[in-house]
Amino acid sequence: MKKKIFICGNSFSQGMFVDRSKMKDSLDYDNVKICYNRPYAKFIEDAIDVETVMLARPVAGNYMTCKQVEYAIEQKADLVIMNFSTVRHFDFTMEGKRLQTVPKLENFIYAEKTFAPNFVNPTGSTDEEQVINCLRFPNIHVYALSSNKEYLPILRYIHRCTDYYLRIDQERLMVLGLFKRLRETNTKFIVVDLIGAESDLSKIKTPGAISDTNVMNVIKVEPYITIPPGFSKKYPNPTDDFHFNEEGQRVVAEMLLPTIKTLLKI
């Protein structure tokens, strides 16, 4: 039986990038086109005899990633590869829906209509069970100006009540707790940083810059593999200056393979 590697994280692990050519302006996300590169997971499958299970979802935040990893642990993963993100992601229950118990990955909405259309929840849960949305708000005006009016209450809350230093510390403690759980269950894992290291927090002066700080900038863990500075510029998508291209995905797979082989004894 092939060993199973679970891939957890967001668009960087999933291979998504955006085509902005039809957007009327930088905030016109109603007309963004979602595209997909072949993810690093498939290049890993090409190289070694393993099966990969994709749990990553575009715009997933660190809490959703933690729930993906929790699910992978429950599924007795042979190895978990995870990437984390900035703290400009927010998890909230959709209006009119409420959880019936402590949330699980089954409760997360995978088919978010702007950045993750047509996604299927990998747990097989029904639409009724999916009540938690995780979205990255790069600019609070994006959704306010779009047709997604159901997000306006959360936008108002974010604008009025968010302190990103508080969020960084909350998510630091959350992710450290996840690493403890992985070790307690003897689940092998690799953290792959697909954003790149940010500067020292003491040098960051604006709330916007703080909100875009990679949470891994304030956490130490091994095994840890990070892309080098300028990676997205070296492997650019023609219509997306944020995500790297398919060749970059292949290079990430090459970066991961030595550690994967060591951990799985391949």
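Hydrogens, waters and symmetry mates are skipped; everything else that's a heavy atom, side chains included, is used. It should be emphasised that the depicted structure is a prediction, and the values quoted were computed from it without experimental measurement.
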Distance-only check: which donor-acceptor pairs under 3.5 Å involve side-chain atoms of residues 50-63, not counting sequence neighbours?
from, atom 1, to, atom 2, distance (Å)
Thr52, OG1, Glu45, OE2, 2.7
Arg57, NH1, Ile109, O, 2.5
Arg57, NH2, Cys134, O, 2.6
Asn62, OD1, Ser85, N, 2.8
Asn62, ND2, Ser85, O, 3.3
Asn62, ND2, Glu171, OE1, 2.6

- Message: Between Asn237 and Asn37, do the side chains contain a donor N or O and an acceptor N or O under 3.5 Å apart?
- Response: yes
- Please check if any side-chain donor atom of Asn121 sits under 3.5 Å from a side-chain acceptor atom of Thr123, or the reverse. yes
To the nearest 0.5 Å, what is the distance between [atom1] on [X] and [atom2] on [Y]?
| X | Y | atom1 | atom2 | result |
| --- | --- | --- | --- | --- |
| Tyr71 | Phe6 | OH | CZ | 6.5 Å |
| Met216 | Arg172 | CE | CZ | 12.0 Å |
| Ile132 | Lys67 | CD1 | NZ | 7.5 Å |
| Asn107 | Gln100 | CG | CD | 9.5 Å |
| Ile7 | Lys42 | CD1 | NZ | 9.5 Å |
| Lys188 | Leu182 | NZ | CG | 12.0 Å |

- Task: Please confirm whether the backbone N or O of Val18 pairs with a side-chain atom of Lys33, one donor and one acceptor, at under 3.5 Å?
- Result: no
- Query: Okay, side chain of Asp49, backbone of Lys2: is any donor-acceptor separation there less than 3.5 Å?
  - Reply: no
Would you say [X] has more than 12 foreign heavy atoms packed within less than 6.0 Å of its [atom1]?
| X | atom1 | value |
| --- | --- | --- |
| Lys4 | NZ | no |
| Glu222 | CD | yes |
| Lys97 | NZ | yes |

Determine all donor-acceptor pairs shorter than 3.5 Å in which one atom belongs to a side chain in residues 256-263; sequence neighbours excluded.
from, atom 1, to, atom 2, distance (Å)
Thr262, OG1, Pro258, O, 3.0

- Message: Between Met255 and Phe43, is there shared hydrophobic-cluster membership here, with clusters defined by ILVMFWY side-chain heavy atoms closer than 4.5 Å?
- Response: no
- Query: Can Tyr157 be reached from Tyr165 by stepping across I, L, V, M, F, W or Y side chains whose heavy atoms are under 4.5 Å apart?
  - Reply: yes
Side-chain heavy atoms of [X] within contact of [Y], under 4.5 Å:
| X | Y | result |
| --- | --- | --- |
| Val192 | Tyr40 | yes |
| Leu79 | Ile81 | yes |
| Val251 | Phe231 | yes |
| Phe189 | Arg183 | yes |
| Arg88 | Tyr164 | yes |
| Gln14 | Phe119 | yes |
| Leu135 | His89 | no |

Only counting residues at least two apart or in another chain, list the ones meeting side chain to side chain contact (heavy atoms under 4.5 Å, CB included) with [X].
| X | result |
| --- | --- |
| Arg98 | Thr93 |
| Arg181 | Ile73, Glu184, Thr185 |
| Pro117 | Ile34, Tyr36 |

- Salt-bridge test for Asp78 and Lys265: reply yes if a basic N is under 4.0 Å from a carboxylate O, no otherwise. no
- Does Glu70 come within less than 4.0 Å of Lys104, counting only side-chain N to carboxylate O? no
- Item | Aromatic centroids of Phe17 and Phe244 separated by under 6.0 Å | no
- Message: Is the ring pair His243/Phe12 parallel, tilted or perpendicular, if the boundaries are 30 and 60 degrees?
- Response: tilted
- Determine, step by step, whether Phe90 and Asn133 satisfy the side-chain contact (heavy atoms from CB on, under 4.5 Å) criterion, reporting the C-alpha distance in whole Å, the side-chain angles of both residues, the deciding distance to 0.1 Å, and the verdict. CA-CA 8 Å; Phe90 295 84; Asn133 211 339; over 6 Å; no
- Item | Derivation of the side-chain contact (heavy atoms from CB on, under 4.5 Å) call for Gln170 and Met174 | CA-CA 6 Å; Gln170 289 174 327; Met174 175 180 69; over 6 Å; no
Using every non-hydrogen atom in the two residues, find where [X] and [Y] come nearest and quote the distance to one decimal.
| X | Y | result |
| --- | --- | --- |
| Phe84 | Thr65 | CE2-CG2, 3.8 Å |
| Val80 | Cys8 | CG1-SG, 3.8 Å |
| Leu105 | Tyr110 | CD1-OH, 3.7 Å |
| Pro39 | Ser13 | CB-O, 3.5 Å |

- Query: Going through the checks in order, is the side-chain contact (heavy atoms from CB on, under 4.5 Å) test met by Cys35 and Met16?
  - Reply: CA-CA 6 Å; Cys35 308; Met16 189 205 87; over 6 Å; no
- Item | From CA spacing to verdict: salt bridge (Lys or Arg N to Asp or Glu O under 4.0 Å), Arg38, Asp46 | CA-CA 12 Å; Arg38 194 166 191 256; Asp46 289 345; 2.7 Å; yes
- Task: Would you check, one step at a time, whether the test side-chain contact (heavy atoms from CB on, under 4.5 Å) holds for Asp91 with Phe108?
- Result: CA-CA 9 Å; Asp91 308 276; Phe108 276 85; 3.7 Å; yes
- Message: Just to verify, what does Asn245 make a side-chain hydrogen bond (donor to acceptor under 3.5 Å, both in side chains) with, not counting sequence neighbours?
- Response: none
- Note on the structure: Given the options Asn217, Asn214, Val215, Ile225, Asp193 meets side chain to side chain contact (heavy atoms under 4.5 Å, CB included) only with Asn214
